[in-house]
Every structure is written in structure tokens, then in C-alpha cells.
Amino acid sequence: MDTRQNRPGHSRATWATRLRHPWTLGAFGAFALLGMVAASAVPPVSAPPAGSIETVLEQLGRPEVLPLSLDDDEQTFLREERIQRSDTIGSLFSRLGVSDPAALAFIQQDPAARNAARQLRPGKSITARTTGNGELLELHFPLGGADSALIVEKNETGFAAIEKAIEFSPSLQIKSGEISNSLFGATDEAGIPDSVAVQLAEIFSGDIDFYRDLRKGDRFSVVYESLTHNGQDVRGGKVLAAEFVNDGAVYQAFWFASGERGGYYTAEGKSLRKAFLRSPLEFSRVTSGFSNSRRHPVLNITRAHKGIDYGAPTGTRIRAVADATVEFAGRQGGYGNLVILRHRGNYSTAYGHMNGFAAGIRKGARVSQGDTIGYVGQTGIATGPNLHYEFRVAGKQVNPATVALPTAIPLDKAQLAQFHTTTNPLRAQLDLAKQVRLASAE
């Protein structure tokens, strides 16, 4: 979902064949002649010339300049427009300089072109090549959800619509921002794609709960890959380095791959991939915390609440907090639809009130950290859509918000040396992002 505000479009026009105005060459020639200066001899001061000096002025005729004969049909214009919220094909054609009823009729009638015309999502860029009279020669229309574009081309018989793969160019983006309300609000303000914002939340999820722990004034900087087409960012790629300052505490992450697997590490080379995530939901709100004494909202009795309830819309994805084997998946009393995962050592986690289970979730199935195991619901004894999450050590429920979680295996000596060599340029880029942020704040 694109939460960004629509940004006004802009247009560009370039000459591709000839000059637009035929009189420009004649005018240039005339001004060149008027700018000519007659040469004169300057005698030596020590030897005055004898006799009289006669000045002769000769009127030179203006050379004949033949005007260029240009037909408007021979001119080619290339324009680009970004779709605005209220745009139609007609309004886009107007801004693109297209005045071609036949092209408009083709787009309205051709199935492929008509389908593309329905994808007028704000922010998407459309490119058109036209004649000087506004006749459409070629139209590039990026398709949503695919790495391709619809190309409408004029040929000898009329128009044709074909789909072509888009050739992307990788680039490196360095951005920074400050939290005023939410992570997505701050990344939108900084022009950072949502896919990169989600990665930030996942990278630091072992240390920061992005619903409970964020503070106004928290800051972040990020270096990430971006794919561009025709000089414009199309989508964000992998985060390569990031820094997040949360309530005064500084967290850094650097991507490092050794062999076939990669992960995020601190500046010292310690893995950020905790054995357990702090939260089973990417974004949610805590509706009821861990407590030894709580009045049950449905049963209206006081008893212990041995887990954390996360309020979220029905269907929100629930993720495994660590690598595990499914110990139980089914219906169980007040838990409703329940999944219990058995992790290494004596750790297990439970997920209740699910609306349903993810495909393949059954007893004995293996899951990896971050895999979707089910969806938020309201089954069992629940007052609304929520996830009841329990963290168990040796079968006993403990507070998942305060329990000391084990860490992942660190890098060995050789890997650590390679890590520092690889990430040194990323550190410099992170420092640059912070300097840009500080300069913009002054």
C-alpha cells in the first residue's frame, strides 16, 4: 500500500530531429553580420604617414539566407509526466502534448491498452513520443506488479500494443529521517519505500518493538539498494546498512554475506539475528500485558494472564519468532485456534485466537524464524481480533517482554576480518547520511 502523498508531476521536451522555428537560422546570420567589425591599419606612432588619408565606406549587401522548410510532422518530442490522483487518460494526453483522437480510441478499445489505462496509480511515470502536431508515435506505460511496460506504437496500419520487459539499473540510496508519529510516517516523509521501512523493522526487531518502544525524536539513517528505470526509482532493494537511535540508545546494522547465507551484524561483528524475535507480529499494539493478576474481560474473574495480547486486524500475518518444529496445531479451549512451536533447548511458544493456520502448518512441520504460521482472529474466548502470545521455558510461561533471549552464533576470526573490510565503505556512507540529516536540521 502506498501511503505517500501524491507529488506533482513534471514534463520534459527534447528536440529529436530539427529546430522548431525556421527563422532562427536567418536571425542568427543577421546578428552575426551586424556584429562584424571592419579592420583598419594602425600606423606606427614614430612615423606619421605623408599625404592625405581618405576614408572609404562601402555598403555590403546582406547575404541571402534561405529559410529552412520544416514540416511539423518531422519534429519529434519526448515528454514524461507523473500520474496525479485525479488523472484520466485524457488529462494525461493533454499534459503530454498528445492530440490524437485515433490513439485515444485505440487505447479505449484495445484490451491490453485498456487494461493498462485502468492502472492510473499516482506517482507512476508515463512517457510519450509525439510529432509537432501532437500525433502519438510511442507511449510507455509501466504495468503494476510486474517488471514490464506496455508500449503503444504507431505503425503503417495504425497502432499496436506490446508488453516489454523493463531494464532496471541498480543504484545506491542514502536517506535519513526522524520519528514524529510512526515509522511509516517518517519513512514516507524521507522518501523511503515501504519495502525498506519493513526491512528496518525486521532488522531491529530483536531490540526494538516498533509499536511500544518508538519515541518522538528517534532518528534513523539507511543505505539501501534501489532499482531505477529511465533515471527514476522504481522500487527499493536490500538494506545494506542502517542506524536507529531509539530513546537515546544507538543500534547499527550492516549486511554481510559469507558463503551462501548472509545476515545483519553490529559494527563489532555480532549477529543481529536473535534466536528469538521480540514480537510475533511486525506491527501491532499490546492490548493486555503479562500479569499474575488480571480481571478477565469475558469471564469477569480475576486470574493470571500468562502471555501478551496483541490487537491487530483479522487476517494479520503471525510469524514464528524462531526456528522450530510444530508441536500442536488445532483447537484448544479458550485459546481457540492454537499453534505451539517447539524450539531448540527447553523453549517453546504458543499463539492463540487464530483466525486460521498458514498452509503446511501441522504437527511435525518445520518452520524458520519469520515464517507465517497463521493469521490473527477472534476464536476461543476473546473480545475482539487479537493474538494471545506465550513464551515458555521448560513448559512454564514467562514474560516475553523481559525474558533474556539467546543470541545467534557469532562470526569466526576469518569471517570477522572479511566483515570489517566489506563494511568499512558502508560505515562511511552511514556517516554521510547522518551529516546530511544534521545539515538539513540546522
Side-chain angles (χ1 to χ4, degrees), residues 4 168-180 182-208 210 213-274 407-442:
R4 296 180 179 80
F168 294 107
S169 300
S171 65
L172 203 63
Q173 298 291 329
I174 304 174
K175 300 284 183 70
S176 61
E178 183 172 317
I179 302 294
S180 58
S182 68
L183 176 62
F184 275 110
T187 53
D188 283 347
E189 184 69 23
I192 297 172
D194 287 349
S195 61
V196 174
V198 170
Q199 289 182 69
L200 283 175
E202 291 176 346
I203 290 168
F204 296 111
S205 61
D207 297 301
I208 304 171
F210 280 86
D213 298 340
L214 283 190
R215 301 287 185 273
K216 184 176 182 179
D218 285 355
R219 305 181 306 279
F220 59 87
S221 301
V222 59
V223 180
Y224 64 93
E225 296 173 334
S226 179
L227 295 179
T228 63
H229 177 63
N230 287 339
Q232 293 204 6
D233 294 337
V234 177
R235 63 169 179 265
K238 180 180 290 296
V239 170
L240 301 179
E243 178 180 286
F244 209 104
V245 181
N246 172 234
D247 198 19
V250 180
Y251 302 95
Q252 286 188 332
F254 299 90
W255 170 259
F256 174 69
S258 179
E260 297 181 356
R261 300 191 64 180
Y264 291 96
Y265 297 82
T266 67
E268 295 76 27
K270 296 180 180 179
S271 176
L272 282 176
R273 185 183 184 273
K274 300 294 191 290
T407 58
I409 300 174
L411 298 173
D412 60 32
K413 187 175 181 179
Q415 290 173 326
L416 191 59
Q418 184 184 1
F419 166 79
H420 287 304
T421 301
T422 304
T423 58
N424 279 339
L426 295 175
R427 300 169 200 262
Q429 290 160 348
L430 262 188
D431 290 339
L432 176 61
K434 289 187 289 185
Q435 292 170 13
V436 171
R437 184 187 66 229
L438 292 173
S440 62
E442 294 179 352

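This chain uses plain numbering: 1 for the first residue, then up along the sequence. Quick caveat, the model's predicted, so the values are computed rather than measured. Side chains included, hydrogens not; waters and symmetry mates left out as well; all remaining heavy atoms used.
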Main chain of [Y], side chain of [X]: is a donor-acceptor contact present, judged purely on distance under 3.5 Å?
X	Y	value
Tyr264	Val239	yes
Ser182	Gly185	yes
Asp218	Arg215	yes

Rounded distance [0.5 Å steps], CG in Leu214 versus CG in Leu183: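 The CG atom of Leu214 sits 6.5 Å away from the CG atom of Leu183.
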Reported CD1-to-CG distance for the pair Ile179 and Asp247, which is rounded to 0.5 angstrom: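 Result: 12.5 Å between the selected atoms.
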Looking at every heavy atom in both [X] and [Y], which two are closest together, and how far apart are they?
X	Y	value
Leu411	Gln415	CA-OE1, 3.6 Å
Glu268	Leu416	O-CD1, 3.6 Å
Glu178	Ala186	O-CB, 3.4 Å
Ser176	Ala190	O-CB, 3.4 Å
Ala242	Leu200	CB-CD2, 3.6 Å
Gly237	Val196	O-CG2, 4.1 Å

Parallel, tilted or perpendicular, as decided by the 30° and 60° cut-offs, for the rings of Phe210 and Phe244: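 It falls in the perpendicular class, over 60°.
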Residue list, salt bridge (Lys or Arg N to Asp or Glu O under 4.0 Å) with Asp213, at least two apart or on another chain: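 Salt bridge (Lys or Arg N to Asp or Glu O under 4.0 Å) list for Asp213, sorted by chain: empty.
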Derivation of the side-chain contact (heavy atoms from CB on, under 4.5 Å) call for Arg427 and Leu430: CA-CA 5 Å; Arg427 300 169 200 262; Leu430 262 188; 5.7 Å; no
Would you mind writing out the side-chain donor-acceptor pairs for residues 249-256 within the sub-3.5 Å range, not counting sequence neighbours?
| from | atom 1 | to | atom 2 | distance (Å) |
| --- | --- | --- | --- | --- |
| Gln252 | NE2 | Glu243 | OE1 | 2.7 |

Full working for side-chain contact (heavy atoms from CB on, under 4.5 Å) between Asp194 and Asp188: CA-CA 8 Å; Asp194 287 349; Asp188 283 347; 3.5 Å; yes
Side-chain heavy-atom pair Glu225, Leu240 within 4.5 angstrom cut-off: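 Heavy-atom side-chain distance check passes, below 4.5 Å.
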Sequence-distant partners of Gln418, side-chain hydrogen bond (donor to acceptor under 3.5 Å, both in side chains), two or more places apart: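 Checked Gln418 against side-chain hydrogen bond (donor to acceptor under 3.5 Å, both in side chains); zero matches.
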